[in-house]
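Here's the structure we're looking at; comments come further down.
These numbers were taken from a predicted model, which means no experiment stands behind them. The analysis underlying the following values was restricted to heavy atoms, covering all of them including side chains, and did not include hydrogens, waters or symmetry mates. Note on naming: letters A, B, ... go to the chains in the order of the sequence lines (proteins, then strands), and numbering restarts at 1 for each one.
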Amino acid sequence: MQVEIREADFDPYAELLQYQTKMQQGGQYGATTIFVGSMRDFNEGDEVKAMVLEHYPKMTENFLLQISQEAAEKWSILDSLIIHRVGEVHPADPIVLVAVWSAHRKDAYEANRYIMEALKSKAPFWKKEFLEKGERWVQQNTPGR
Amino acid sequence: MQVEIREADFDPYAELLQYQTKMQQGGQYGATTIFVGSMRDFNEGDEVKAMVLEHYPKMTENFLLQISQEAAEKWSILDSLIIHRVGEVHPADPIVLVAVWSAHRKDAYEANRYIMEALKSKAPFWKKEFLEKGERWVQQNTPGR
Amino acid sequence: MMIQIRFFASLREKLQLDDCELELVGPLSVEQVWQKVTHDQPMPANVLCAVNLEYVSLEHEVTGGEEVAFFPPVTGG
Amino acid sequence: MMIQIRFFASLREKLQLDDCELELVGPLSVEQVWQKVTHDQPMPANVLCAVNLEYVSLEHEVTGGEEVAFFPPVTGG
């Protein structure tokens with residue numbers, strides 16, 4: 001179970017390969033579910049040029065670890081990984097990676113979604129968008145969207 | 001939208017990176033959901049040494065394309081990829097990869113799960129397990145598990 | 001008119017029947033195709049059937065030129 | 001006893017308040033902490049509050065030594 005805040009661009013697929021190799025649980029997990037959230041170039045009718053992600057250091061890591069643990073209590077999972085970007089990101093850059101390894105797909109799907117919904121609704125990150133003209137803070141995340 | 005049957009081992013993360021690069025839709029998708037099914041070394045109380053996956057050529061591809069299209073009609077998705085192994089596989093080998101790209105996470109999660117449940121319940125693949133002593137056909141997939 | 005018949009996985013092994021052809025004299029339901037090619041072996045309750053690569057029910061009629069497939073519950077993924 | 005107070009994101013920019021400290025003479029609710037450090041600016045309805053890195057309600061009392069944080073709805077992921 002691992003949680004990381006990244007200040008630089010990352011390749012989610014390279015991270016997954018590396019983490020999974022280190023896990024050494026091949027043969028135990030039958031199901032891996034992965035969510036990758038990436039920056040879109042369009043939001044609320046406007047073209048977005050860049051974004052800055054702010055976070056609350058330590059509280060973020062604590063919270064992400066807490067929801068990973070909650071997921072491990074609610075579902076039968078073997079391991080999980082969360083990576084979240086902070087700092088300046090550009091369209092197409094990965095922002096968040098959530099991966100869950102489990103024996104069976106039901107646990108893997110449900111635990112992954114649980115973590116993402118908790119992250120979206122309560123993890124202390126904030127996005128400021130930079131548009132052609134000016135900048136704005138994203139007001140709120142839409143539940144379950 | 002792509003569907004592939006593979007006769008040799010594949011690296012799902014390398015495939016994802018390659019497919020996504022070719023897609024050229026970076027900035028449009030905010031959500032990518034991925035399911036990777038891997039071979040477990042244990043099933044129904046027995047250690048499994050190897051497995052052979054048989055399929056019904058052409059019907060499999062048709063069916064997988066059909067469920068990809070159904071998912072694209074039911075949810076707002078930008079692209080999808082399914083890769084499924086056939087032939088001899090060993091513990092920890094990837095068997096199936098399902099990836100869905102969408103603007104928003106709800107569509108990406110639901111479409112991915114829809115494809116996997118349809119694949120598990122109706123795509124014409126069959127697994128034969130090789131145990132320490134003897135071999136056996138897997139009897140059926142458990143719905144939603 | 002001929003039809004092609006195919007068996008897959010455990011069903012192929014159990015019946016010890018390879019893929020074969022059948023000459024039709026008139027339309028047959030896929031259930032009747034089963035009876036002819038297996039020489040009236042009982043059909044397991046969970047057998048699935050496809051005609052020309054699409055799932056069909058056992059009542060589906062074939063008239064010639066089709067590929068008919070019988071197989072056990074699928075176990076992919 | 002001192003407490004540390006932090007503001008994040010749009011709230012920090014709007015209030016134009018940097019992180020600061022406050023000397024406590026007795027226990028205060030986090031709502032009272034807000035009133036003191038913002039000089040009674042109205043608190044937006046959706047403000048979230050954490051004490052020592054855990055979410056708390058506005059009635060939560062601090063007695064000294066804590067880190068109190070105020071921030072707008074989160075928008076990560």
Side-chain angles (χ1 to χ4, degrees), chain A residues 3 5-6 35-40 43-44 48 51-67 82-87 89 94-98 112-129 135-145, chain D residues 1-22 24 28-34 36-38 41-77:
Chain A
V3 158
I5 305 299
R6 289 289 177 90
F35 179 87
V36 181
S38 313
M39 187 184 154
R40 291 191 303 132
N43 194 26
E44 300 190 5
V48 186
M51 210 158 65
V52 167
L53 273 146
E54 182 176 331
H55 77 305
Y56 185 172
K58 287 193 195 146
M59 180 169 174
T60 325
E61 290 87 332
N62 288 359
F63 182 78
L64 297 180
L65 212 48
Q66 182 192 318
I67 60 179
I82 305 178
I83 300 177
H84 201 295
R85 264 304 299 279
V86 292
V89 296
I95 294 172
V96 59
L97 164 67
V98 173
N112 192 301
R113 183 125 196 220
Y114 174 83
I115 290 172
M116 267 311 294
E117 295 306 326
L119 185 156
K120 279 268 183 187
S121 65
K122 295 194 78 183
F125 293 102
W126 302 275
K127 286 172 181 158
K128 181 188 255 185
E129 294 175 337
E135 54 186 64
R136 68 183 176 202
W137 288 96
V138 177
Q139 292 302 304
Q140 59 174 45
N141 281 334
T142 313
R145 187 181 174 203
Chain D
M1 290 287 280
M2 304 294 283
I3 56 171
Q4 308 289 323
I5 298 122
R6 307 188 65 176
F7 300 93
F8 287 93
S10 58
L11 201 59
R12 182 189 59 238
E13 291 188 357
K14 198 160 67 180
L15 296 171
Q16 295 189 287
L17 279 173
D18 280 326
D19 298 351
C20 60
E21 291 189 331
L22 182 69
L24 293 191
L28 286 183
S29 73
V30 295
E31 189 163 21
Q32 291 170 316
V33 171
W34 169 280
K36 282 208 182 282
V37 294
T38 68
Q41 290 193 57
M43 184 189 277
N46 56 13
V47 162
L48 299 168
C49 183
V51 169
N52 292 342
L53 314 176
E54 300 264 3
Y55 281 102
V56 296
S57 70
L58 293 176
E59 295 76 42
H60 184 91
E61 277 201 346
V62 290
T63 54
E66 293 96 340
E67 176 170 303
V68 179
F70 296 101
F71 46 82
V74 302
T75 56

Donor-acceptor contact present, side-chain [X] to main-chain [Y], <3.5 Å:
| X | Y | answer |
| --- | --- | --- |
| A:Y56 | D:F7 | no |
| A:W126 | D:F8 | no |
| A:N141 | D:G76 | yes |

As an exercise: rank D:P73, D:S10, D:A69, D:A50 by heavy-atom pairs under 4.5 Å with chain A and give me the winner.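 Most pairs with chain A among the choices: D:S10.
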
Output the distance between atom CZ (D:R12) and atom CD (A:E54), rounded to the nearest 0.5 Å.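 The CD atom of A:E54 is 4.0 Å from CZ of D:R12, to the nearest 0.5 Å.
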
Got a second to check how far A:Q66's CD is from D:L53's CG, nearest 0.5 Å?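 Here the rounded value is 11.5 Å.
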
Lys/Arg-Asp/Glu bridge criterion (N-O < 4.0 Å) met for D:E13, A:K128: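 Here D:E13 pairs with A:K128 in a salt bridge, since their nearest N and O are under 4.0 Å apart.
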
Interchain contact, A:Q140 with chain D, by part (heavy-atom threshold 4.5 Å):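 Contact with chain D involves both backbone and side-chain atoms of A:Q140.
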
Given that the side chain runs from C-beta out, which part of A:S121 has a heavy atom under 4.5 Å from chain D: side chain, backbone, both or neither?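 The backbone, not the side chain.
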
Out of the candidates A:Q139, A:K127, A:E129, only one should pair with D:T75 under the side chain to side chain contact (heavy atoms under 4.5 Å, CB included) rule; please name it.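 Testing each of A:Q139, A:K127, A:E129 against D:T75, the sole residue satisfying side chain to side chain contact (heavy atoms under 4.5 Å, CB included) is A:K127.
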
Before giving the answer on side-chain contact (heavy atoms from CB on, under 4.5 Å), spell out for D:E67 and A:K58 the whole-Å C-alpha distance, their side-chain angles and the decisive distance to 0.1 Å. CA-CA 12 Å; D:E67 176 170 303; A:K58 287 193 195 146; over 6 Å; no

